[in-house]
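All of these numbers come straight from a predicted model, not from anything done at the bench.
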Amino acid sequence: MVANYIDEFIMFCVGLWMTGVGFGLLQSPFQARSGQQPWLLQVARHFKWMGPLLILIAIVLAFAAPS
């Protein structure tokens, strides 16, 4: 049971990080380098919707977990 809460806490923190990177509040870890795949540079753009979705999933799982 404690492991589930730890997992959901990690999901929540990653969701906060993804949201911050997606909206430009935090620096993106993806730096442009020569020869780098073009999709890798565009992935942070999707963090705007993936971060809040991950936060929502973590909250729903925290309340849905059996006590």
Side-chain angles (χ1 to χ4, degrees):
M1 183 168 109
V2 173
N4 289 338
Y5 287 123
I6 292 171
D7 183 42
E8 290 148 12
F9 178 73
I10 292 170
M11 285 175 55
F12 184 80
C13 291
V14 170
L16 288 175
W17 176 80
M18 288 173 72
T19 303
V21 170
F23 286 103
L25 301 173
L26 299 172
Q27 183 179 0
S28 175
F30 308 109
Q31 303 298 326
R33 295 185 192 115
S34 62
Q36 193 172 23
Q37 298 291 330
W39 64 268
L40 187 58
L41 299 175
Q42 301 297 326
V43 75
R45 199 170 46 132
H46 296 287
F47 285 0
K48 286 182 182 178
W49 63 268
M50 289 191 305
L53 181 64
L54 190 59
I55 292 171
L56 180 67
I57 291 170
I59 291 171
V60 167
L61 287 176
F63 285 112
S67 48

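When all heavy atoms of P52 and F47 are compared, the closest pair comes out as CD-O, 3.9 Å. Counting all heavy atoms, side chain and backbone alike, A62 lies closest to E8 at CA-OE1, 3.2 Å. Of all heavy-atom pairs spanning V21 and A44, the tightest one is CG1-CB, 4.1 Å.
Placement of V60 and W49 in two distinct hydrophobic clusters is found when ILVMFWY residues are connected by side-chain heavy-atom separations under 4.5 Å, directly or transitively. M18 and L56 are members of different hydrophobic clusters when ILVMFWY side chains are connected at heavy-atom separations under 4.5 Å. Hydrophobic clustering keeps L25 apart from W17 (ILVMFWY residues linked when any side-chain heavy atoms are closer than 4.5 Å, directly or through intermediates). Residues V43 and F23 fall into different hydrophobic clusters, defined by Ile, Leu, Val, Met, Phe, Trp and Tyr side chains chained together at heavy-atom separations under 4.5 Å. Taken together through direct or relayed side-chain contacts under 4.5 Å among Ile, Leu, Val, Met, Phe, Trp and Tyr, M11 and L16 form parts of separate hydrophobic clusters.
Residues F9 and C13 have side chains in contact (heavy-atom distance under 4.5 Å, counting atoms from C-beta outward).
Remark: I59 engages F12, I55, F63 in a side-chain contact (heavy atoms from CB on, under 4.5 Å) (not counting sequence neighbours).
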